[in-house]
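Working notes, beginning with the structure itself.
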There are 4 protein chains.
Amino acid sequence: MARKQSYSHSELLDLTKRLVLERGYDGFNLKLLSEHLPGARSTIYQYYANKDEIIAACMKRSIGAILEKASALDETDSMRALQELLDIYLEEFQLHQLLADAYKIKTTASEAARRDIEYVESAHEFLKVQLTRLFQKAQQEKHLREDIPLPVHVGMFFNLINTPNMMNVPVPEWSRMLFQIWMGGAKQ
Amino acid sequence: MARKQSYSHSELLDLTKRLVLERGYDGFNLKLLSEHLPGARSTIYQYYANKDEIIAACMKRSIGAILEKASALDETDSMRALQELLDIYLEEFQLHQLLADAYKIKTTASEAARRDIEYVESAHEFLKVQLTRLFQKAQQEKHLREDIPLPVHVGMFFNLINTPNMMNVPVPEWSRMLFQIWMGGAKQ
Amino acid sequence: MARKQSYSHSELLDLTKRLVLERGYDGFNLKLLSEHLPGARSTIYQYYANKDEIIAACMKRSIGAILEKASALDETDSMRALQELLDIYLEEFQLHQLLADAYKIKTTASEAARRDIEYVESAHEFLKVQLTRLFQKAQQEKHLREDIPLPVHVGMFFNLINTPNMMNVPVPEWSRMLFQIWMGGAKQ
Amino acid sequence: MARKQSYSHSELLDLTKRLVLERGYDGFNLKLLSEHLPGARSTIYQYYANKDEIIAACMKRSIGAILEKASALDETDSMRALQELLDIYLEEFQLHQLLADAYKIKTTASEAARRDIEYVESAHEFLKVQLTRLFQKAQQEKHLREDIPLPVHVGMFFNLINTPNMMNVPVPEWSRMLFQIWMGGAKQ
DNA sequence: CATGAATGAGTCTTCATTCAT
DNA sequence: CATGAATGAAGACTCATTCAT
């Protein structure tokens with residue numbers, strides 16, 4: 001008796017991600033969303049209770065994808081693991097930008113949004129812990145300069161993903177290039 | 001002969017900068033602004049004709065401060081100049097974030113905003129040109145790896161300013177630290 | 001499947017016409033409009049995107065009604081046609097007053113308003129051409145004084161509709177009376 | 001000790017008249033007025049207590065000028081007097097348009113505005129009475145068709161001043177032309 | 001008196017969300 | 001479930017008018 005849904009949750013979230021990246025949290029609105037989807041604006045409320053839940057779900061899904069790959073990482077060889085981690089991060093380099101507006105999400109009104117944002121934060125935490133663990137290992141194995149505090153190493157590494165890829169180098173190569181300069185330095 | 005102004009343009013722009021950094025272009029609004037200022041919301045319109053003019057003026061002032069310092073730079077020693085440039089950028093490291101929303105400013109309605117944004121863009125251009133000039137010089141003088149394209153060097157250097165300073169190292173020391181790692185690499 | 005509209009577009013435009021005639025373009029506002037309508041002010045935006053579109057649509061509808069009648073006119077007998085045209089104009093004698101503020105409509109912001117006003121202008125043009133055509137014919141057939149330039153005849157005829165009908169003579173009789181005086185003169 | 005006024009009441013009212021004719025009651029505002037005058041906007045309040053008083057004074061002065069001329073009219077020859085009255089009205093043909101917004105003036109708040117508008121109304125009344133008197137005389141002297149009610153004659157005559165002078169015929173000639181057609185009719 | 005500053009009331013418009021069919 | 005209609009809260013902006021120097 002129930003009509004078939006004309007689009008899936010996943011399609012809705014894909015679209016949301018694209019639009020939030022294009023317009024930011026405030027620029028994204030349900031009218032815009034519905035214009036890119038079949039059906040009426042109000043139909044969206046059949047999928048999510050409000051705007052914040054949509055964006056929260058979108059963020060959760062995005063960081064979830066990374067978390068999954070990062071969890072599966074073989075950490076035996078610390079330097080190799082770091083290089084692979086950079087691959088993973090660069091593959092979804094927009095994540096940083098997407099999550100930038102997470103603080104705007106009003107979690108008070110919506111339980112689901114609150115849960116999703118909590119997940120996002122714990123995923124963030126996991127990644128940070130993993131990164132720290134790898135760096136500690138790398139430093140113990142004397143791969144890294146010891147005169148630099150570990151958090152600085154971590155921050156600098158993590159910040160690599162924001163380097164503008166103005167020449168559109170393909171991701172795998174780009175990843176290797178960044179890693180190399182980061183390790184070996186820019187000097188001749 | 002007339003009443004004393006209850007706050008200066010400069011105070012208004014300082015506050016604007018803080019709030020735009022906190023909330024972004026869309027999150028920033030005149031109600032918010034007026035709540036942090038003495039007097040009524042409409043009074044703000046005595047200072048600037050509309051929201052876009054306020055933000056544009058704020059951006060102009062911020063990049064203007066940097067431009068002034070960067071223009072005065074002694075470029076004889078390219079590497080030393082780069083280090084000093086990094087000092088300058090880090091001193092106003094939020095600039096990048098502040099200008100991120102420049103594209104949202106509606107310049108069609110407001111002549112003043114248009115002029116300010118034009119200034120911002122030309123300043124941007126100046127800094128880019130200066131940076132490229134210094135890098136070319138540095139590369140000619142064999143200070144930089146030649147297997148890496150110049151734009152990548154530039155992007156990477158520029159991206160240094162976004163490195164999170166989680167330990168709150170004082171700016172001059174922080175600048176030296178970043179520069180060192182960038183040049184020499186993270187490896188032992 | 002959805003809620004029933006609480007008033008029709010036509011009702012909205014009728015009311016708009018009345019209020020614009022009473023108050024003029026500037027005196028007319030959406031608060032006023034909504035106070036004469038059931039429901040909230042913002043509901044009006046479901047019908048038209050902004051104030052200018054409402055007034056433009058109202059003008060279009062009004063002149064459209066006249067245009068339709070005028071187009072159907074049998075122009076064989078020029079003097080009879082002029083008398084009938086006067087009937088038509090007098091039937092909607094407020095039109096002139098309604099359109100007086102057409103130039104205030106901001107067409108830059110709204111495509112729909114622009115289109116409507118364009119229609120109004122072309123209708124205006126049609127009526128002017130028709131009137132001129134009839135007058136040329138009438139003059140050739142020696143019905144009109146030849147010492148008076150045609151545009152003066154036209155202007156004078158057209159201005160008849162503004163004659164205040166202080167005694168509230170019914171329109172058909174009023175039309176005949178004006179036509180008679182216009183043709184034969186006021187003198188004994 | 002008092003500074004000299006930098007403009008006279010008369011200059012202010014001249015300007016007001018021009019601007020009200022250009023923009024209408026609502027389009028006219030004190031910012032606009034002050035931009036065409038030396039000195040600050042608030043200085044205008046030294047001359048008149050509020051916007052409505054300015055416009056009311058402007059209207060009073062305009063109709064006063066006509067009233068003066070009309071009062072001095074020699075009414076011995078009724079038809080000649082009517083022709084001269086038309087001269088007078090056409091000389092200030094904008095008056096009608098200027099007074100069109102008289103109903104918008106808020107007289108409740110301002111005693112001066114109330115008095116001025118009262119004057120305007122009594123002047124209006126005087127002109128109507130004078131016109132009626134002249135028409136009665138003309139009809140008794142058999143100059144006018146008797147099958148037409150007097151108010152219709154009056155209304156029609158008065159409405160002559162609104163005839164658009166598209167060819168910009170000089171006023172005296174224009175007046176004679178209108179009077180002639182009105183009297184003798186448009187027909188050959 | 002003249003003035004620049006301040007203000008509050010008022011209007012337009014957008015948008016997330018709810019409602020009734 | 002789907003939907004078009006309705007709505008209220010919020011924010012931008014204008015302008016007549018008052019205030020303080």
Give me the atom names and distance for the closest heavy-atom approach of D:L99 to D:H124. CD1-CE1, 3.9 Å
Does C:Q46 make a side-chain donor-acceptor contact with the base of F:dA5, cut-off 3.5 Å? no
Under a 4.0 Å N-O cut-off, is there an ion pair linking B:E53 with B:K106? no
Distance to the ring centre below 6.0 angstrom and angle to the axis at most 45 degrees; does that hold for B:K60 and B:Y119? yes
Out of E:dT17, E:dG4, F:dA6, which nucleotide sits closest to the side chain of C:S6? F:dA6
If you measure from the Lys or Arg side-chain nitrogens to the Asp or Glu carboxylate oxygens, is any gap between A:D26 and A:K104 under 4.0 Å? yes
Using heavy atoms to find the nearest nucleotide of DNA chain E for B:Q5 and C:K4 separately, return the residue whose nucleotide is more 5′. B:Q5
Here the distance between atom P of F:dT14 and atom NZ of C:K51, to the nearest Å, is 14 Å
Taking atom C1' of E:dT14 as reference, at what distance in whole Å does atom CZ of A:R23 sit? 14 Å
Here the residues of residues 26-43 of chain D within 4.0 Å heavy-atom distance, strictly under, of DNA chain F are D:F28, D:N29, D:L30, D:R41, D:S42
Among F:dC19, E:dT17, F:dA16, the nucleotide that comes nearest once only the side chain of B:R3 is considered: F:dC19
Whole angstrom value for the distance that separates P of E:dT11 from OH of C:Y45: 12 Å
Spacing between B:Y48 atom OH and F:dT14 atom P, to the nearest angstrom: 17 Å
Around B:H96, counting heavy atoms of other residues, nucleotides and ligands shown, do more than 12 lie under 6.0 Å from its NE2? no
Distance, rounded to the nearest Å, where B:I44 contributes CD1 and E:dG8 contributes P: 13 Å
Do C:Q5 and C:Y47 have a side chain donor and acceptor closer than 3.5 Å? yes
Heavy-atom count around B:E22 CD within 6.0 Å, excluding the residue itself: above 12? yes
Nucleotide F:dG11, atom P - distance to CG of B:D52 in whole Å: 16 Å
Test: B:R23 and A:D101 ion pair at under 4.0 Å: no
OP1 or OP2 of F:dA6 under 4.0 Å from side-chain N/O of C:Y47: yes
With pairs taken as Watson-Crick or G-U wobble and both distances under 3.5 angstrom, which stems of at least three consecutive pairs involve DNA chain F? E:2-21 with F:2-21
Could you check C:Y7 against B:A49 and say which one's nearest nucleotide on DNA chain F is further toward the 5' end? C:Y7
Length of the line joining C:N50:CG and E:dC15:C1', which is rounded to integer Å: 16 Å
Starting at CD1 of A:I54 and ending at P of E:dC15, how long is that distance when rounded to a whole Å? 15 Å
Determine, for D:E111 against D:R114, whether the closest basic-nitrogen to carboxylate-oxygen distance falls under 4.0 angstrom. yes
